[in-house]
Number of protein chains: 2
Amino acid sequence: MAIGRSPQSSSQTPDQGAARRPSRARGIPEATVARLPLYLRALTALSERSVPTVSSEELAAAAGVNSAKLRKDFSYLGSYGTRGVGYDVEYLVYQISRELGLTQDWPVVIVGIGNLGHALANYGGFASRGFRVAALLDADPNVVGGSAAGLPVRHMDELESIVESQHVSIGVITTPPGAAQQVCDRLVEAGVTSILNFAPTVLTVPDGVDVRKVDLSIELQILAFHEQRKAGEEPDRTESVLDRAPGPVRAAAAKLRRAAGGNGKGRGTAETAAKDQAEQGKSGKGGDGDLPAVMPA
Amino acid sequence: MAIGRSPQSSSQTPDQGAARRPSRARGIPEATVARLPLYLRALTALSERSVPTVSSEELAAAAGVNSAKLRKDFSYLGSYGTRGVGYDVEYLVYQISRELGLTQDWPVVIVGIGNLGHALANYGGFASRGFRVAALLDADPNVVGGSAAGLPVRHMDELESIVESQHVSIGVITTPPGAAQQVCDRLVEAGVTSILNFAPTVLTVPDGVDVRKVDLSIELQILAFHEQRKAGEEPDRTESVLDRAPGPVRAAAAKLRRAAGGNGKGRGTAETAAKDQAEQGKSGKGGDGDLPAVMPA
DNA sequence: TAGATTGTTAATCGATTAACAATC
DNA sequence: TAGATTGTTAATCGATTAACAATC
């Protein structure tokens, strides 16, 4: 049975869709896995303040989620709480860390050492979570030989030997999009089985390789969508009857529009502070902060 | 009716959970909104190659999603295809751009100009999507006066005047976590209603303000979870009968473990290349690349 | 007309949530 | 014991997907 190639095993980012791989590994839902890091961060903060126990209500508030959801999430891990009392902070930190695989050492290579590669190399949240930067790699001779976060930037030629000798199983791609697939192929060939992709490209990988994607521009676009809704009902609405006309007519209309000037970009609407409290249903995301800075300010 | 404060209006990141705000704005599901940028990117790439039409099957492959899902997603926007033919690329680019609000200009401020702030300022994907960096702000006198991406770094003191005079409604926070809430408060007070948060903190905002969160460390943790599963059934399993013992006993056991050495960190398991093809269900995420590089390599 | 492909339906699946019995 | 809080159930909701009638 040949190793099939499939576009993207997993995914991430914005809301980033929802249910992916069943993650039957002991049956923990993917949505729960994605929240474990949030709980862990909140718990670590409590631990540092020497708080001994915490209730689901308190912890849920700190992590920005609903307490029923938190209890349900924890129930997949086991019965780690005490009725009438709550959860032992240290114990839960340990259990979640173990579940996430953070009680072991994960050497990571970062490929593409531009600003973002630098930012990631300096990101304190890595080391504190069991991740260790095994190497920084770049193809540009002007970058190779330099350093970031105290580590030397090495040439792409060393990729295979580093991955193999250091047993690297996680690779981070921060190259331009044109280089990403090629870098990905080399990482996979060398033995990497998990990839965090910052390049705006869909990566194709063999079965058994996980890809997660972070796309900065997508996040902003999703914000823009909601922002647009706040500022009145689409004030720059350019729609015309043509938009509902039969295909060929519409297509011609679209071409006319484009020929007439870009993609209809207009001023306006950033009438900021549209303070209408859109009664959008809330729902938490995010975690509580104990991690080192993303980067020095 | 006072403006209530609620933790995080929206969210993002890992898989980042799933259904959030109903986004009843014309009834487009949040999961669909999150995929529109992916389709847009794939379509833009086709447009640049002057491809006139595309079928749902082709476009879905390029965007890394299932074609039924894509057609369902498009059905929320309207009937923009032609049966037996497919979709007109230019027309669809226009419609999705309009739906996302990208046919207007969105001035953005970036607060916290470290490596990540620099990376974002240089991120080409912004300008090409209707986003314009109105200002770069930092609190550090050593950073203020410098420049990034050809723009001067200005002092935090100017935040309010810039937001107001330039009608900025979107703010990006790339500060250390300790400063994030304070920066967020000032942005909101000045009139910003959408925030993209890179600091590992849960931000509290009033109703009507959207927050999306990108957490680099969370992505890696989710990868580690799956990576751990690949390398055999939890090889460094430290669990003992104590883990199922009653609360107080377990708590004591946890403390013993911690006292005995960190959080149980162990070597091993990065037995890389665990080439078992875990038969995980696939599901696409990510988009096709036409965006400028995340950063220069 | 015949072939192709959309748009929609309906079934399925997974995630969220309130509520409450179990139990500390 | 009384109060508190977990862990689980069951209902609800939203997202995914295959299948196919509509229609170009």
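Because only heavy atoms are used, hydrogens play no part in the values below, and waters and symmetry mates are left out as well, while side chains stay in. A, B, ... follow the sequence lines: proteins, then strands. Residue 1 opens every chain.
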[X] [atom1] - [N] [atom2] separation (whole Å):
| X | N | atom1 | atom2 | answer |
| --- | --- | --- | --- | --- |
| Glu57(B) | dT6(C) | CD | P | 8 Å |
| Leu36(B) | dA15(D) | CG | P | 13 Å |
| Tyr80(A) | dT8(D) | OH | P | 12 Å |
| Lys69(B) | dT8(C) | NZ | P | 19 Å |
| Ile28(A) | dA15(C) | CD1 | C1' | 15 Å |
| Tyr87(B) | dT5(C) | OH | C1' | 9 Å |
| Asp73(A) | dT16(C) | CG | P | 7 Å |
| Arg71(A) | dA4(D) | CZ | P | 15 Å |

Would one find a side-chain N or O of [X] under 4.0 angstrom from OP1 or OP2 of [N]?
| X | N | value |
| --- | --- | --- |
| Asn66(B) | dA18(D) | yes |
| Ser56(A) | dT6(D) | yes |
| Arg83(A) | dT8(D) | no |

*Considering heavy-atom distances to DNA chain C, does Thr32(A) or Ala68(B) have its closest nucleotide positioned more toward the 5' end?*
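Its nucleotide being nearer the 5' end, the pick is Ala68(B).
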What is the base-pairing partner of [N], counting Watson-Crick and G-U wobble geometry with both distances under 3.5 Å?
| N | result |
| --- | --- |
| dG14(C) | dC13(D) |
| dC24(C) | dG3(D) |
| dT8(D) | dA19(C) |

- Item | Side-chain (Ser47(B)) to main-chain (Leu43(B)) donor-acceptor, under 3.5 angstrom |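 A pair under 3.5 Å: no.
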Gln228(A) side chain to Glu99(B) backbone, donor-acceptor under 3.5 Å
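Checked: pair present.
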Check your understanding: Out of curiosity, Arg71(B) CZ to Ser55(B) OG, how far, rounded to the nearest 0.5 Å?
Key ->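 Going from the CZ atom of Arg71(B) to the OG atom of Ser55(B) covers 9.0 Å.
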Pick one: which of Lys213(A), Arg129(A), Arg212(A) meets salt bridge (Lys or Arg N to Asp or Glu O under 4.0 Å) with Glu219(B)?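 Exactly one candidate clears the test, Arg212(A).
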To the side chain of Ser75(A), which of dT8(D), dT16(D), dT8(C) is closest?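 Of dT8(D), dT16(D), dT8(C), dT8(D) is nearest to the side chain of Ser75(A).
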* Closest to the Ser55(A) side chain, choosing from dA15(C), dT6(D), dT16(D) ->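 When the side chain of Ser55(A) is considered, dT6(D) is the closest of dA15(C), dT6(D), dT16(D).
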Audit row: Ser194(A), Asp210(A), side chain to side chain donor-acceptor pair (under 3.5 Å) steps and yes/no:
CA-CA 5 Å; Ser194(A) 286; Asp210(A) 274 310; 4.6 Å; no
